[in-house]
> 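Can you keep this structure in mind? I'll have questions shortly.
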Amino acid sequence: MERTLNKDAVACIGKTITVKGWVNSRRDHGGLIFIDIRDHTGILQLTIQPESGETFKLAEGLRDEFVIAATGEVKERADDLKNKNIETGGIELFVKELIILNKSETPPIQVNSQQTINEESRLKYRYLDLRRPKMQQMLRHRAEMYRRMHAYMDERDFIEVTTPILANSSPEGARDFLIPSRMHPGKFYALPQAPQQFKQLLMVGGVPRYYQIAPVFRDEDPRADRLYGEFYQLDIEMSFVEDGEEVRTLMEPLIENLVTDFAHKKLLFEKTPRIPFEEAMDTYGSDKPDLRYGMKLVDLSASLKDCGFGVFTNAIKEGGVVKAIRVENGDSLSRSQIDNFTEKAKREGAGGMPYMTVENGVATSSIAKFFKEDELKDITAKMEAKDGDLIVFGSDKRAVVNKVLGALRIQFANHFELRDPNVIALCWIVDFPFYEWDEKNKKIDFGHNPFSMPKGGLDALNVEDKLSIYADQYDMVMNGYEICSGGVRNHNPDVLYEVFNILGFDKAYVEEKFGGMLNAFKFGAPPHAGCAFGVDRMLMELVGEDNIREVVAFPKNGSGMDLMMNSPTSIEDAQLKELGVKKI
RNA sequence: GGGCUUGUGGUGUAGAGGCCUAACAUGCCUCCCUGUCACGGAGGAGAUCGCCGGUUCGAAUCCGGUCAAGCCCGCCA
């Protein structure tokens, strides 16, 4: 007699085996009882006959989700009794001995049901939810992805180093989770928003290739593609790298392989394209474009600068642009659907949503009367529009138009179901501007990460137009989701001082704020670069989920609560006192 | 912080001023059943329709507020 998993029972015909698992369902025929026993490998039918005496009596009392062990002989079923729908449908276990290892109350959510269950209930009873085959598969998918990541990095001589979870509050970026220090009342640790500083210090510490699948913590509002509180990154960093392209070419085969070999999906591009940030913004209205569909933004300013439509000409006169996207077969949209899209456009900052449809080879609409015939022809030609297409315009400052049309592009793609779930489009967004114009405060500010290396180093910082400086920084985008962010780091103290000096911060400020890292850089920091992949988000897209909580065992809900464990919780006064924390 | 959507037996849904003493499916309980596989059959229990207030002769249904959830904006690498 040996212990066997359900799926392995198929190979045990004629043998006596023991299986253990949960009661998935019970079919009691009065004189004959069938039990489907479930483990993580699937379902196996147990057959209990009245001749088994005590065992039969025990089986009559079984209910869903009881935990049982059954011992008996595996027999092949007669041909007409085989169930082709399940893997073990050709056999059954004739039970001689049955042990109830634990009972179960009637479960609040049905494990064996196909019904979609309210997420709130699923999270409250996550341990039941996790018993469902789909969730079991998810957990195993995740483990398999981790395994591949470890193997890939190990093969390339990266070593895994764990970095502190009790770390420091960081000045940039998201809101911190703070941990009061008992030994230093009034002082706090912070949970790391990324292992960024530690991994750079590892480079200084002579570790040339580091990686870690690291938990990171951010106290920001969640979204469907953004977990609350904590998530995981495949975090890597390598020394003696001065060009981000080296990191990109090293890492992209891993991701491409995960797409084809792990997720069994098609890569849209044989060679993952590099798209400069500004081109992405201009062409797709987004720094994380979904490239599975077209609908590129086309600049029509040159054609329309003298047209009769004041909305357009005024925008151009004030230094703005007129751009448009072509929605294939978009004239099938109803008036109210158009109104819905118009609402969306307005929410993104547009004044309205002018549009034309194409009939008999030329654009037309209620606003067509403002345009000369050759202007309409020009629009049609530049948009490469065919009969039945919808042309949607945006006119304003360039940034506003890009934002509006970029958002509409996504909305139209959703509506017309242009996102092929079996295809993965990867791209790298490169050349992020180092500085950006802050419209609110009317001054220049850091575009993204002040610690990445300006392209061209110290010399490049001397240019007149600081907005023309680029950072050697890059994001990887998968089907419209940012799944990786990285950069060549600024390892040179002089460059770091100058980068801040341009914004008016002096040496003393930099030293006070970033002294720890700056000190290290004074003692022979090698040039280095790296990146971090969002593991959860990548897995979500690879397995075709549209909510990131579906690929996490125990996610928090939208208001940051764990409904199962009831966290966060209140704390005893005595405990607060010990930590030197005053109650509000 | 703001916007949109949703809230009805344990679970998933229907009902959209009087057909509601709230329907259906599933689950649960009792009984019957020796080849089912989401077994089947008979019977039964289970819901103050998220909460508070208002309109009305009459509210699950309309209105106001409130709470909760999901999505989005803000925020966030």
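Sequence lines set the chain letters: A, B, ... in the order given, protein chains first and strands last, and positions in each chain run from 1.
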> CG of A/Asp129 versus C1' of B/U11: gap in Å, rounded?
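Distance check: A/Asp129 CG to B/U11 C1' gives 13 Å.
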> Please give the nucleotide sitting opposite B/U66 as a Watson-Crick or G-U wobble pair, both distances under 3.5 Å, or none.
B/G50
> Excluding sequence neighbours, so at least two apart, what forms salt bridge (Lys or Arg N to Asp or Glu O under 4.0 Å) with A/Lys556?
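Salt bridge (Lys or Arg N to Asp or Glu O under 4.0 Å) check on A/Lys556 returns A/Glu230.
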> If you only use heavy atoms from C-beta on, which nucleotide in B/G27, B/C71, B/G35 is closest to the side chain of A/Leu81?
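Between B/G27, B/C71, B/G35, the one nearest the side chain of A/Leu81 would be B/G35.
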> Give a yes or no on this: more than 12 heavy atoms of other residues, nucleotides or ligands lie within 6.0 Å of atom NZ of A/Lys96.
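Correct, the count exceeds 12.
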> Using side-chain hydrogen bond (donor to acceptor under 3.5 Å, both in side chains) as the criterion, list what pairs up with A/His415, not counting sequence neighbours.
A/Gln337
> Take atom C1' in B/A47 and the same atom in B/A23, then report the distance between them in whole Å.
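Roughly 12 Å separates the two C1' atoms.
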> Could you tell me how far apart A/Asp28 (CG) and B/G41 (C1') are, to the nearest whole angstrom?
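Spelled out: CG on A/Asp28 to C1' on B/G41 is 13 Å.
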> Which sits closer to the 5' end of RNA chain B, A/Asp64 or A/Gln45, going by the nucleotide each is nearest to?
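It is A/Asp64 whose nearest nucleotide is closer to the 5' end.
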> Among B/G27, B/C37, B/U11, which is the nearest nucleotide to the side chain of A/Arg27?
B/C37
> Which base, if any, makes a Watson-Crick or G-U wobble pair with B/C71, both distances under 3.5 Å?
B/G3
> Please report the distance separating the C1' of B/U36 from the corresponding atom of B/C20, rounded so that it comes out in whole Å.
39 Å
> Rounded to the nearest Å, what distance is computed from the CG atom of residue A/Asn6 to the C1' atom of nucleotide B/C37?
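About 14 Å, once rounded to whole Å.
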> Rounded off to whole Å, could you give me the CD-to-C1' distance for the A/Gln233 and B/C76 pair?
12 Å
> Could you tell me the separation between the CD atom of A/Gln473 and the CG atom of A/Asn449, rounded to the nearest 0.5 Å?
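Atom-to-atom, A/Gln473:CD and A/Asn449:CG are 5.5 Å apart.
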> In whole Å, what separates the C1' atom of B/U5 from that of B/A38?
32 Å
> Name each donor-acceptor pair under 3.5 Å that joins a side chain in residues 559-570 of chain A to protein atoms two or more places apart or in another chain, with its distance.
| unit_1 | atom_1 | unit_2 | atom_2 | d |
| --- | --- | --- | --- | --- |
| A/Asp562 | OD1 | A/Met564 | N | 2.9 |
| A/Asp562 | OD1 | A/Met565 | N | 3.0 |

> In the strands shown, is B/C24 matched to any nucleotide by a Watson-Crick or G-U wobble pair with both distances under 3.5 Å, and which?
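Pair assignment: B/C24 / B/G12.
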> OP1 or OP2 of B/C71 less than 4.0 angstrom from a side-chain nitrogen or oxygen of A/Arg549, does that happen here?
yes
> Is there a side-chain contact between A/Ser25 and the phosphate of B/C39, meaning an N or O under 4.0 Å from OP1 or OP2?
yes
> Looking only at side-chain N and O atoms, does A/Arg63 come under 4.0 Å of OP1 or OP2 in B/C29?
yes
> Verify the neighbour count for atom NZ of A/Lys103: are there more than 12 heavy atoms of other residues, nucleotides or ligands below 6.0 Å?
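For A/Lys103, atom NZ is not crowded (no more than 12 foreign heavy atoms under 6.0 Å).
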> Does A/Gln196 reach a base, just sugar-phosphate, or nothing at all? Heavy atoms under 4.0 Å.
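The residue A/Gln196 makes no contact with any strand.
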> Within a reach of under 6.0 Å around NZ of A/Lys397, are more than 12 heavy atoms found that belong to other residues, nucleotides or ligands?
no
> Just call it for A/Glu92: base, sugar-phosphate, or nothing, with non-hydrogen atoms closer than 4.0 Å on any strand.
base
> In whole angstroms, how far is the P atom of B/C75 from the CG atom of A/Asp219?
16 Å
> Kindly write out the residues that satisfy salt bridge (Lys or Arg N to Asp or Glu O under 4.0 Å) with A/Arg63, not counting sequence neighbours, or none if the list is empty.
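Partners of A/Arg63 by the salt bridge (Lys or Arg N to Asp or Glu O under 4.0 Å) criterion come out as none, since no residue qualifies.
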> Determine the contact category for A/Arg218: base if any of its heavy atoms lies under 4.0 Å from a base atom, sugar-phosphate if only primed atoms, P, OP1 or OP2 are that close, otherwise nothing.
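Counting heavy atoms under 4.0 Å across all strands, the contact made by A/Arg218 is with sugar-phosphate only.
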> For A/Glu54, does the CD atom have more than 12 heavy-atom neighbours from other residues, nucleotides or ligands under 6.0 Å away?
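Counting neighbours around CD of A/Glu54, 12 or fewer heavy atoms of other residues, nucleotides or ligands fall under 6.0 Å, so no.
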> Does any donor-acceptor pair link the side chain of A/Arg77 with the base of B/C37 at a separation under 3.5 Å?
yes
> Can the positive tip of A/Lys199 be found less than 6.0 Å from the middle of the six-membered ring of A/Tyr210, inside 45° of the ring normal?
no
> Who is the Watson-Crick or G-U wobble partner of B/U36, with both distances under 3.5 Å?
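Matched B/U36 with nothing under the 3.5 Å cut-off.
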> Does a distance-only test, which skips hydrogens and angles, find a donor-acceptor pair under 3.5 Å between the side chain of A/Arg347 and the base of B/C73?
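No.
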> Return the 5'-most residue of the pair A/Asn83, A/Glu220 with respect to RNA chain B, ranking by each residue's nearest nucleotide.
A/Asn83
> Under the rule for side-chain hydrogen bond (donor to acceptor under 3.5 Å, both in side chains), what residues qualify as partners of A/Tyr474, not counting sequence neighbours?
none
> B/U21 and B/C28: how far apart are their C1' atoms, nearest whole angstrom?
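Approximately 23 Å lies between the C1' atom of B/U21 and that of B/C28.
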> Counting any heavy atom closer than 4.0 Å, what does A/Arg223 reach on the DNA or RNA strands: base, sugar-phosphate only, or nothing?
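Base contact - A/Arg223 has a heavy atom under 4.0 Å of at least one base atom.
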> Rounded to whole angstrom units, what separation is found between the OH atom of A/Tyr228 and the P atom of B/G70?
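The answer, rounded to whole Å, is 13 Å.
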> Rounded to the Å, how far apart are A/Gln49 CD and B/U36 P?
15 Å
> Expressed in whole Å, how much space separates the P atoms belonging to B/G70 and B/G64?
25 Å
> Using a 4.0 Å heavy-atom cut-off, does A/Pro50 contact any base of the nucleic acid, only the sugar-phosphate backbone, or nothing at all?
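Touches a base.
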> Taking a pair as Watson-Crick or G-U wobble with both distances under 3.5 Å, which nucleotide is matched to B/U56?
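Its partner is none (no Watson-Crick or G-U wobble pair with both distances under 3.5 Å).
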> Could you measure between the two C1' atoms, the one in B/C73 and the one in B/G12, and give it in whole Å?
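So the two C1' atoms sit 31 Å from each other.
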> Do any N or O atoms of the protein come closer than 3.5 Å to N or O atoms of nucleotides 65-69 of chain B, and which pairs are they?
| unit_1 | atom_1 | unit_2 | atom_2 | d |
| --- | --- | --- | --- | --- |
| B/A69 | OP1 | A/Ser559 | OG | 2.6 |

> What interatomic distance, in whole Å, is found between C1' of B/G18 and the corresponding atom of B/C52?
25 Å
> Among B/G27, B/C33, B/G74, which nucleotide has an atom closest to any side-chain atom of A/Lys403?
B/G74
> Give one of base, sugar-phosphate or nothing for A/Phe94, where a contact means two heavy atoms less than 4.0 Å apart.
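Here A/Phe94 touches the bases of the nucleic acid.
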> Partner of B/A42 by Watson-Crick or G-U wobble geometry, both contacts under 3.5 Å, or none?
B/U30
> In this structure, how many angstroms lie between the P atom of B/G70 and the NZ atom of A/Lys556, rounded?
14 Å
> Classify A/Asn547 by what it touches in the nucleic acid, base, sugar-phosphate, or nothing, heavy-atom distance under 4.0 Å.
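Contact class for A/Asn547: sugar-phosphate only.
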> Are A/His29 and B/C39 stacked, counting the six-membered base ring, centres under 5.5 Å, planes under 30°?
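One would call A/His29 stacked on the B/C39 base.
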> When rounded to the nearest Å, what value does the distance between P atoms of B/G17 and B/G53 take?
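Going atom to atom, P in each nucleotide, I get 25 Å.
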> Does B/C19 have a Watson-Crick or wobble mate here (both distances under 3.5 Å), and if so which one?
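When the pairing criteria are applied, nothing turns out to pair with B/C19, so the answer is none.
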